[in-house]
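Here the structure is laid out as C-alpha cells; the discussion comes afterwards.
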Amino acid sequence: MASVSAYLRKNRQRNLDELIDLLRIPSISTDPGRNKDVRKAAQFVKKHLADSGCTKTELIDTPGHPIVYGEWMKAPKGAPTVLVYGHYDVQPPEPLDLWETPPFEPTIRKGKLFARGSADDKGQYIIHPNALRAHLETNGTCPVNVKFLIEGEEEIGSPNLDPFIKKNLKKLKCDVVVISDTHMMGKKTPSICHGLRGLAYLEIEVTGTKADLHSGTFGGAVVNPANALVEMLATLKDARGKIKVHGFYDDVRKLTPKERREYKKLPHDDEKYRRSLGAPALWGEKGFSTLERISARPTLDINGIWGGYQGEGAKTVIPAKAYAKISCRLVPDQDSKDIAKKVQAYLKLVSPDSVKVKVKSLHGGEAWVAPTDHPALQAGSRAFKRAFGKDALFTREGGSIPVVATFDKLMKVPTVLLGIGLPDDGLHAPNEKMDVDQFHRGTEAAAYLLEELAR
Ligand code: BES
Ligand code: ZN
C-alpha cells in the first residue's frame with residue numbers, strides 16, 4: 001500500500017488553503033442577516049466532499065439551514081461504514097474589537113491559524129474528507145465506506161437535525177460515528193473524549209409595569225423587575241455552589257470509585273489552570289476535583305442578564321422588564337426536558353406576586369458517556385498513537401454535542417470523538433485559532449482511523 005502519510009505531507013498546503021477559503025465565509029447560523037453566507041458555506045462543503053471523492057453529494061434544505069450529505073460506498077465487501085458528523089456553522093464573532101485580525105480574514109501567526117470556526121468546527125470536520133481523499137488518491141480505494149453528515153445549525157441547538165435523522169435512518173445507517181468537534185488535553189498529550197455533558201437552556205422575562213418609570217416619581221411604589229430578577233436568581237444556588245432547584249440532582253449518575261481514580265491519573269494542575277484562565281481563584285461544588293466539576297457534575301449558570309439602562313452615564317429609571325438567560329450543563333442520567341421543567345417550576349415558586357415571570361425553554365440535549373474499552377474508541381486511540389506518537393488518554397468534556405446521544409439512542413452506534421482542538425483554541429471567543437501542526441497531524445490521525453476501524 002502506498003503511503004497515505006507521504007501523500008498528506010505533500011498536500012499540506014492544499015488542505016490548508018481549502019480550509020482558509022471555507023473560513024472566509026461568515027456562516028453565522030444565529031444571524032438571519034447571514035443566511036446567504038450560511039448557504040454559501042454549505043455549497044462549499046458539498047463541493048469539497050465531491051472533490052474528496054464522494055460519489056454522491058447532496059445539499060438538503062430544512063426549515064432552517066441546509067444539511068450537507070455525501071458518501072463513498074465502494075469499500076471491499078464486509079467493510080464497516082463510518083458516518084462522519086460535523087458542522088459548518090459558527091458562533092457570532094463579537095466583540096469584534098478584541099480580535100487581533102478580523103474573524104473572517106484567516107491569518108496565520110506563529111503557527112496558528114486565527115479565524116472564527118478554525119477550531120469549531122470547520123478546521124476539524126474537514127480533516128475527514130481530506131483523509132478519505134488521501135486514501136483514494138494514494139490507493140484508489142478506502143478501507144471503509146464513508147458517509148458525511150455536515151449540518152449548519154449546531155451552534156443554535158440543531159433544531160432540524162433530530163427530525164432529519166429520524167426520517168433518514170436507512171440513509172445514515174452505519175457501524176460507527178466519527179466526530180471531530182472536541183479537544184485533546186495538550187499538543188503532547190493526545191486524548192480521546194468519551195463523555196459530553198447535556199444542556200438545558202432557558203430564558204427568563206420579568207415584567208413589572210407597562211412602561212419604564214421615573215425612579216424618583218415612582219420609586220417606592222412598585223417592585224423593580226430587575227431587583228426581583230436578581231433576588232430570584234440568587235436563590236438558585238447556595239454559597240457552596242450546590243444547585244437548589246428541587247429534584248435537580250435526582251438522576252445524576254454517581255462517579256464510581258474506579259472513575260474517580262481515573263480522573264486522578266489525568267495530568268492536571270489547578271494552579272496552572274487558574275492562571276491560564278486569569279481567574280483570582282477556582283471555585284465550585286465542594287467534594288469534587290476541577291476536572292470532575294467541569295465534566296461529570298451538572299452546573300447552572302447565568303449566561304446573560306439585562307434590563308434597564310445600559311448606555312453611557314446615568315439614567316434614573318425603573319425598568320419595565322428584566323431578563324436573564326440560564327444554561328444547565330447536565331450529566332447522565334439527567335433528562336434535559338425534565339430539568340428545564342424543574343428549573344421553571346422553581347423559578348415560579350421563588351417569584352414574587354408583584355411581578356409577572358415567564359420562563360421559556362430555548363433548547364436542550366442529552367449527556368453521553370461511553371466505555372473506554374469499546375473497540376471503536378480503542379481504534380481511535382491507535383489512530384492517535386500513530387499520528388501523535390503517544391498513547392491517548394481518555395477524558396470527559398464539559399461541552400455538549402447533543403447529536404451524539406441521538407446517534408446512541410436512535411441508531412445504537414458508538415461514536416469516536418477524534419477531537420484535534422487544543423484547550424486554548426478560544427471556542428466561541430475572540431481570536432479563535434487552530435494550531436496548524438494539529439491540523440496536519442489531525443488529518444493524518446483521521447486517515448489512520450479509517451484503517452483502524454476496518455480492522
Ligand atoms: N464544539 C462544541 C462542543 C464542545 C466544545 C465539546 C468543547 C467539548 C469541548 C460545540 O460546537 C458547541 O459549542 N456546542 C454547544 C451546544 C449547543 C447545543 C449550542 C455548547 O456546548 O455550548
Ligand atoms: Zn462545535
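First listed ligand is number 1; within each ligand, the first listed atom is number 1.
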* In terms of side-chain geometry, is the basic nitrogen of Glu292 or Arg297 positioned less than 4.0 Å from the acidic oxygen of its partner? -> no

* Asked: Less than 4.0 Å between a side-chain N and a carboxylate O, is that true for Arg133 and Glu18?
  -> yes

* If you take all heavy atoms of Met184 and Gln438, which pair is closest and at what distance? -> SD-NE2, 3.6 Å

* Asked: What residue pairs, at least two apart or across chains, pass salt bridge (charged side-chain N to carboxylate O under 4.0 Å, His left out) with a residue in residues 427-436?
  -> Arg116-Glu432, Lys187-Asp435, Asp424-Lys433, Asp425-Lys433

* atom 3 (C) of ligand 1: nearest protein contact (heavy atom, Å) -> Ser400 O, 3.5 Å

* To do: Say whether His363 and ligand 1 are in contact under the criterion: heavy-atom distance to a ligand atom below 4.0 Å.
  => yes

* **Carboxylate-amine/guanidinium proximity below 4.0 Å for Arg293 and Glu285** => no

* Lys/Arg cation over aromatic Tyr249: Lys242, 6.0 Å, 45° cone -> yes

* Gln91 to ligand 1, any heavy atom closer than 4.0 Å -> no

* Protein heavy-atom partner closest to atom 8 (C) of ligand 1 - residue, atom, separation in Å -> Glu397 OE1, 2.8 Å

* Salt bridge Glu444-Arg441, side-chain N to carboxylate O under 4.0 Å -> no

* Structure fact -> The closest protein heavy-atom partner of atom 5 (C) of ligand 1 is Leu427 CD1, 3.6 Å

* To do: For the pair Arg386 and Glu451, find out whether any cationic side-chain nitrogen is under 4.0 Å from an anionic carboxylate oxygen.
  => yes

* **For atom 2 (C) of ligand 1, the option (of Ile156, Asn303, Asp89, Asp120) bearing the nearest heavy atom** => Asp120

* Asked: Looking only at non-hydrogen atoms, which of Arg396, His428, Glu154 approaches atom 10 (C) of ligand 1 most closely?
  -> Glu154

* Do me a favour and list the nearest non-hydrogen protein atom to atom 22 (O) of ligand 1 with residue, atom name and distance? => Arg329 NH2, 2.7 Å

* To the nearest 0.1 Å, how far is atom 4 (C) of ligand 1 from its closest protein heavy atom, and which atom is that? -> Asp181 O, 3.7 Å

* Asked: With the threshold set at 4.0 Å, does a side-chain nitrogen-carboxylate oxygen contact exist between Arg253 and Glu259?
  -> no

* Structure fact -> Short version for Leu199: what comes under 4.0 Å of ligand 1, heavy atoms counted, is side chain

* To do: Provide the full list of ring pair (Phe, Tyr, Trp, His ring centres under 6.0 Å) pairs with a residue in residues 390-438, sequence neighbours left out, each pair given once.
  => none

* Return the orientation label for the His48 and Phe44 ring planes: parallel under 30°, perpendicular over 60°, tilted otherwise. => parallel

* Structure fact -> Protein N/O/S atoms closer than 2.8 Å to the Zn ion (ligand 2) number 4

* Can you run down the salt bridge (charged side-chain N to carboxylate O under 4.0 Å, His left out) pairs that involve residues 265-281, sequence neighbours left out, and say none if there aren't any? => Glu262-Lys265, Glu271-Arg274, Glu271-Arg275

* Structure fact -> For His87, the ligand 1 atoms with a heavy-atom partner under 4.0 Å come out as 11 (O)

* To do: For Thr182, take its heavy atoms, then give the atoms of ligand 1 lying under 4.0 Å from any of them.
  => 6 (C), 8 (C)

